[in-house]
Protein chains: 2
Amino acid sequence: MRRAGGRRHTLRDIAAALNLSVNTVSRALSGKDGIGEKTRALVRAEAERVGYVPNSMARSLVTGSAMTFGLVITNPSNPFYAQLISSIELRAREHDYSLLLTVTDESAENEARAAESLLRSSVSGAIVVPVQAGADPWQRLGAVGVPTVLLNRDLPDLGYRFVGTDNELGGYRATAHAIACGARSIVVLEEDLPITTIADRIAGYRRAMTEAGLSMPRGSVMRVPTRRHDQAALPWQPQQAYQVARRMLRRARLPDAVVAGNDYFALGLYRALAEHGLKVPDDLMVIGFGDHPFSAFLSPSLTTVRLPAEEVGEIAADLLLEEIAGGRSARPLKQLIAPTLVERDSTARKR
Amino acid sequence: MRRAGGRRHTLRDIAAALNLSVNTVSRALSGKDGIGEKTRALVRAEAERVGYVPNSMARSLVTGSAMTFGLVITNPSNPFYAQLISSIELRAREHDYSLLLTVTDESAENEARAAESLLRSSVSGAIVVPVQAGADPWQRLGAVGVPTVLLNRDLPDLGYRFVGTDNELGGYRATAHAIACGARSIVVLEEDLPITTIADRIAGYRRAMTEAGLSMPRGSVMRVPTRRHDQAALPWQPQQAYQVARRMLRRARLPDAVVAGNDYFALGLYRALAEHGLKVPDDLMVIGFGDHPFSAFLSPSLTTVRLPAEEVGEIAADLLLEEIAGGRSARPLKQLIAPTLVERDSTARKR
DNA sequence: ATGAAAGCGCTAACAT
DNA sequence: ATGTTAGCGCTTTCAT
C-alpha cells in the first residue's frame, strides 16, 4: 500500500549505515571540502542507494532562508499575470528557489493574510502585485527584513523596488495612434477599479488628447463595471463592455475611435458595433490593450498595446535576487517598461 | 533603513518578557487548554505588542507536516490551468495550506526536478498534471507517503486518485452535435502532443462517427504542430492552425464541419475560411473546445465544449485533503467530470 | 579528515 | 496551571 509511506531517510541513517558522524555525511553531500575522496564517494553511493532527499525545512531552520519566493498576484486568469507567474517561476527555479503562490483576488483582507503567511513561511523574498488598498501588510514584510519588490502597481510610500508596465505611455500611444489615423473624438472604455494602472492609462489618453488640442467632453471616459469577486474567472467581461458600448451608441454624436482598457472590452465593443451596423475601422476605429492571443485573429484584427509581461517578470525576479544577495544594484529604484503598439486592421482606415 | 530587518520575535522572547516558559507561551498562543485565562490574555497581548509571527518551518519540522500543497502544472498560460490554479489555491487557503507552484512546461526533466523539490519541501500532498513521459517521479512521491492526486491526465499504473475532464465525452459530444446539425464528413484539428487528453478526444470523435455510420477517410484527423517549449506562452497557436486549415482547404472535397481541439485553433480556422470565402456555419460548421472567454464574442459566436475547470480543481483539492486526513473516502478512485456543449452560431445552420 | 556539541524555533511528553 | 526535558534534521563551531 502506498500509504505505508516508507519513512524518509535522514543524514543520521546514512551516518549509521556507514559508521560515520552525521556531520561528515552532511559535508560529504553538500560538497564542502575537508573530506576524503573515498569517504565522499561512499557517502554519495549510500545516499543514492537509499534515495536520500535532504529536508529543506530543517536546513532552512538553521540557515534562516527557506530558498523560497513568495509571489502574490490578484488573478491568475488574467493572461498578463499568467505570463508573469511563468516567467517568475522559471527564474526562481533557475536559481534554486521555490515559488509560494498566493492569490488575493483584489481583496485587502486576503492581502493582509497573504503577507502574514509569507512571514510565517520565512520566504527569502516577495514579489507582490498589491491590491492598493493600503501599504500596511507590505510595510511589515520589509520591516522584518524580507526583500520585497512591487509588481505592476506601485506603493510609493514604501520606497520598495518596483517594476511595471508604463501604462501612461500605453494609453498615450494608443490614443496618439488613433489621432494619427484621423480620429478627432475619442472615447475610452475602462475598468472601474481604483488602481494606478487604470488611472495611468487614462492620464496617457488625456495627454495625447491635450497635445493634439482635442477636447474631451463629459462621457469621454466610460467605466465598465468589473466583477472582480469571482476568483478563477477572467477579470474582464466582454458582456459588460458590450452593455456600456450600447449605451454609448445611443448618443447623438458617435466618436471616431474607442480606446479600450483591454482586449476583452474591445470584443464586447465589436459586437455592439456590428449589431449597430457600424464597420470597424471605417465607421469607428477600435484599439485594445494587452494584445491577448486572440486579438490578431479577430476580424478585423485588433490594433492593441502589447505588454512586456515576460520582461517585467524577469526584471522583478532579478531585482529580488539582487536584494536577497544584499548587493545594492545599479538599477533605478522604479522601473517602467514601455509597451508597444501593435498596428492592425481595426485602425487601418482606408481613405 | 528597511534592510535593518528587525529580527523576528520568537516564543522565547515572549516567554522571557513575561517570565514564563516557552512551552506555556506556545500553548497559550496555539489555543490549547490547560492554561489560565489571564495568562493566556497576557501572552496574547505581548505577542500582539511585539508582532509575533510563528515560524512555520520550526513547527513543521516537529509536526512533520509543512501545511503545503505542491501544485505541478504544465503551463499557467493555458486558461484551463489558470483556473485550476485559482480554485486549488483558494481551497488550499481555506484550509490553511500554502501553495507551492511548479511549472513543467511539458518537460520530463523539469517534472523529475519538480517531484524532488516537493520531496525536499515536505509538502503535505501534491496535485499534479503529469507530462505523461513516465510515472517514475510521481511513483517516488507516493512511495515516501506523500498523498498525490493526478489532475487532468492520468497515470493508471500508479493507482493514484485522479480527477479530470471527460475528454472522450467532450470529443463525442462535439462530433455528435455536428452530426445532428447535418454534417456527414467531419475533420478534427488536434494538437500533436502524446498525451491522453488528446487521444481521448479523438476517440470520442471516432465513437460518434462510428455510431452514426460515417466514414473517416485518411486525413480526417489533422495534427497542428504545437510549440510547447516557450514557457510563459500560450500553448496553442492560432497561426499554426491557420496553416493546417489552409492545407485542408486545398482538398478536392471539403468537410461539412471541423471539430477543433481548442478554441484557439478555431480562431485560425475562422481566418482561413474567411480568406477562402467560406461562410461559417453555412459552408462549414466549426466547433471549438474549451469555451475560452472570447469564444462567445466571435462572429459568428463559437459553439464549443465548456470544461469544468473549477469543479475539477475543487475536487482535486478535496481529494487531497481527504487523503491527507487519512480517511478513505467514499469517492471513486478515478473521477471524470463531464464537459458540456455550448451551442452557438458557428453550428446554427439555417436551412 | 573526521567527530562532538550546540542550537535554529517549535511542539510533545512527562513532570510538578 | 505551568515548567522541564527531549528532539524534529540539519548546519555551524570547535575539537581532535
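Throughout, protein chains are lettered first and strands after them, A, B, ... in sequence-line order, and every chain is numbered starting at 1. If you're wondering where the values come from, they're calculated on a predicted model, not measured in any experiment. Atom set for the values below is all heavy atoms of this structure, side chains included, hydrogens, waters and symmetry mates excluded.
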Mind checking B/N23 for me? I need base, sugar-phosphate or nothing, with any heavy atom below 4.0 Å counting as a touch. base
Please work out if B/T39 contacts a base, only the sugar-phosphate, or nothing of the nucleic acid, heavy-atom cut-off 4.0 Å. sugar-phosphate
Is it the case that the side chains of A/N152 and A/Y81 hold a donor-acceptor pair, with the cut-off being a distance below 3.5 Å and no angle test? yes
Heavy-atom nearest nucleotide on DNA chain C taken for B/P54 and for B/R27; more 5' hit belongs to B/P54
Heavy atoms only, 4.0 Å cut-off, all strands: where does B/G34 land among base, sugar-phosphate and nothing? base
Mind checking B/K38 for me? I need base, sugar-phosphate or nothing, with any heavy atom below 4.0 Å counting as a touch. nothing
Strictly below 4.0 Å, N to O, side chains only: are A/E116 and A/R113 in salt-bridge contact? no
Checking A/R27 against A/N23: is there a side-chain donor and acceptor pair closer than 3.5 Å? yes
C/dC10 OP1/OP2 closer than 4.0 Å to side-chain N/O of B/S26: no
Do any side-chain nitrogens or oxygens of B/S21 fall under 4.0 Å of OP1 or OP2 in D/dT4? no
Report yes if at least one side-chain N or O of A/K32 is closer than 4.0 Å to OP1 or OP2 of D/dT11; otherwise report no. no
With sugar-phosphate meaning primed atoms plus P, OP1 and OP2, does A/N19 contact a base, only sugar-phosphate, or nothing at under 4.0 Å between heavy atoms? sugar-phosphate
For the pair A/R161 and A/E322, find out whether any cationic side-chain nitrogen is under 4.0 Å from an anionic carboxylate oxygen. no
How is A/R12 classified with respect to the nucleic acid when contacts are heavy atoms under 4.0 Å: base, sugar-phosphate, or nothing? sugar-phosphate
